[in-house]
Amino acid sequence: MNQSVWGPVQREMSDLLQGHPDDVPAVVEQLKELQGILGHVPPLLRGNPLCDFNQLYLTITEGVLERLYAGEFKDPAFLSRLDVEFAARYFDALRAWAGADASPRCPEVWACLFQRIPGPDCRPLPSACAGVNAHINYDLPFALVTTFDHLGTDPIDDSDQHHDYLEINEIFADAIPGLRRGYLEKWQLLIDTMNGCLDDWWQGEAVEYTRNVAWRNAQKLWGVRHDMTATDRERAGLDKTAAGLSRLLLSPLGSFLQ
């Protein structure tokens, strides 16, 4: 592990990242444990930018688990597998960022956020948005492909799996207002109050649009999944595009716009 990144919680982070959770309850527990560890990473402690994204991710995943328990998905096996595959890519990125030399290269889009862990420019809302960008625009298409391959089905529009995939947008829509306001300063909350529901609406629309793009990218990747050269080319392209967006989100201009 990279001592300069994790400092006194190096051992805890190493232990946490040794394996992958194998079901949604285990994903929730690992995210909770990770949140506690991230809160002790110096020098910013609970103010480090990864805490902001991880808390958002934990909240959404808890929403998925609640709906699974309530039987609200048409194909719970698909949603459960997707959730696990999705989380694995986040943990893999953490492992690659601060792991041994033999670890795969950390995706550029995740490195944009991880390199800000030491601070000092770590505004909460842009950090959370950059994490969402990395996880949806880069990780999600590959998680979908792996999930469909495991289950022996295809990513088909209007299927039960597609219906369940779109149901996650509702979880985001329910969670976004409270999450977003938790990242705002007092003067931003005043502007937010003046805007009414406008900010909540457009951010919900942005999430829905981004997840639709991820679905289309997964369908494209599905068609070339047996061609490693084409897959690597698509991977590099998605990483480059998403990293460019993260840099904008984390820039002073991106923060001002949010």
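Residue numbers start at 1 and run along the sequence shown. If you're wondering where the values come from, they're calculated on a predicted model, not measured in any experiment.
Of all the heavy atoms in Ala143 and Arg89, the pair that sits closest is N-NE, 3.6 Å. The two residues Leu250 and Cys112 make their nearest non-hydrogen contact at CD1-O, 3.6 Å. Taking every heavy atom of both residues into account, Pro118 and Gln115 meet most closely at CD-O, 3.3 Å. The shortest non-hydrogen separation linking Pro76 to Asp164 is N-OD2, 4.4 Å. The shortest non-hydrogen separation linking Ala111 to Cys106 is N-SG, 4.0 Å.
Asn54 and Gln35 form a side-chain donor-acceptor contact under 3.5 Å, judged by distance and modelled atom types alone. Donor-acceptor pairing under 3.5 Å is recorded for the side chains of Asp157 and Gln219. Of the N and O atoms on the side chains of His163 and Asp75, not one donor lies less than 3.5 Å from an acceptor on the other residue. A donor-acceptor pair shorter than 3.5 Å cannot be found between the side chains of Arg81 and Thr146. A donor and an acceptor atom, one from each side chain of Trp110 and Asp139, are located under 3.5 Å apart.
The CG atom of Leu17 sits 14.5 Å away from atom CH2 of Trp97, with the distance rounded to the nearest 0.5 Å. For the atom pair NZ (Lys32) and OG1 (Thr61), the distance works out to 11.0 Å, reported to the nearest 0.5 Å. Rounding to the nearest 0.5 Å places CD1 of Ile37 at 9.0 Å from CD of Gln30. Rounding to the nearest 0.5 Å gives a distance of 7.0 Å between CG of Asp232 and CE of Met228. For the atom pair CG of Leu58 and SG of Cys51, the computed distance is 11.5 Å after rounding to the nearest 0.5 Å. Atom-to-atom distance recorded for Leu50:CG and Leu94:CG is 6.0 Å, nearest 0.5 angstrom.
Checked for salt-bridge contact, Asp92 and Arg95 meet the test: a charged N lies under 4.0 Å from a carboxylate O.
Applying the salt bridge (Lys or Arg N to Asp or Glu O under 4.0 Å) criterion to Arg225, with sequence neighbours excluded, gives no partner residue. For His162, the ring pair (Phe, Tyr, Trp, His ring centres under 6.0 Å) partners two or more places apart in sequence, or in a different chain, are Trp215. Not counting sequence neighbours, the partners of Phe142 by the ring pair (Phe, Tyr, Trp, His ring centres under 6.0 Å) test are Tyr138.
Between Ser246 and the choices Asn133, Asn137, Thr241, the side chain to side chain donor-acceptor pair (under 3.5 Å) rule is met once, by Asn133.
Counting heavy atoms from C-beta on, the side chains of Pro141 and Trp222 never come closer than 4.5 Å. In this structure, the side chains of Leu79 and Val24 stay at 4.5 Å or more apart for every pair of heavy atoms. Contact of the Leu34 side chain with the Tyr57 side chain is not registered, since no non-hydrogen atoms from C-beta on lie closer than 4.5 Å. Taking the side chain as every heavy atom from C-beta outward, Glu170 and Glu72 never approach each other to under 4.5 Å. His135 places a side-chain heavy atom less than 4.5 Å from the side chain of Phe53. Between Met13 and Leu38, the closest side-chain pair of non-hydrogen atoms falls below 4.5 Å. Between Val27 and Asp23 there is no side-chain heavy-atom pair separated by less than 4.5 Å.
Leu65 and Ile171 fall within the same hydrophobic cluster, where Ile, Leu, Val, Met, Phe, Trp and Tyr residues are linked whenever their side-chain heavy atoms come under 4.5 Å apart, directly or through other members. No path of Ile, Leu, Val, Met, Phe, Trp and Tyr side chains, each step under 4.5 Å between heavy atoms, connects Leu45 with Ile117, placing them in separate hydrophobic clusters. Ile156 and Leu140 are not part of a single hydrophobic cluster, where members link through side-chain heavy atoms under 4.5 Å apart.
Side-chain N or O atoms of Asp239 include none that pairs as donor or acceptor with a backbone N or O of Pro107 at under 3.5 Å. The closest donor-acceptor contact from the side chain of Arg211 to the backbone of Tyr165 lies under 3.5 Å. Counting only distance, with no hydrogens or angles, the side chain of Arg67 and the backbone of Glu62 share no donor-acceptor pair below 3.5 Å. Put simply, the side chain of Glu85 never gets that close to the backbone of Leu144: no donor and acceptor are under 3.5 Å apart. Proximity of a side-chain donor or acceptor of Thr231 to a complementary backbone N or O of Val224 within less than 3.5 Å is detected.
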**Request:** Start with the C-alpha distance between Asn217 and Glu234, add both sets of side-chain angles, then the distance that settles side-chain hydrogen bond (donor to acceptor under 3.5 Å, both in side chains), and finish with yes or no.
**Result:** CA-CA 9 Å; Asn217 283 331; Glu234 293 295 331; over 6 Å; no
**Request:** Dump the intermediate steps for ring pair (Phe, Tyr, Trp, His ring centres under 6.0 Å) on Phe86 and Tyr90, then the final yes or no.
**Result:** CA-CA 7 Å; Phe86 195 32; Tyr90 173 43; 9.0 Å; no
**Message:** Checking Phe78 against Phe148 for the ring pair (Phe, Tyr, Trp, His ring centres under 6.0 Å) test, could you report, in this order, the C-alpha distance in whole Å, the side-chain angles of both residues, the deciding distance, and whether it holds?
**Reply:** CA-CA 8 Å; Phe78 163 75; Phe148 280 113; 5.2 Å; yes
**Request:** Applying ring pair (Phe, Tyr, Trp, His ring centres under 6.0 Å), run through Phe91 and His20 and close with a yes or a no.
**Result:** CA-CA 8 Å; Phe91 296 129; His20 291 141; 7.1 Å; no
**Request:** Under the side chain to side chain contact (heavy atoms under 4.5 Å, CB included) rule, what do Leu221 and Leu238 come out as? Steps first, then yes or no, please.
**Result:** CA-CA 11 Å; Leu221 287 166; Leu238 289 174; 4.3 Å; yes
**Request:** Take Asn169 and Tyr209 through the test side chain to side chain contact (heavy atoms under 4.5 Å, CB included) and record every step on the way to the result.
**Result:** CA-CA 10 Å; Asn169 295 340; Tyr209 172 80; over 6 Å; no
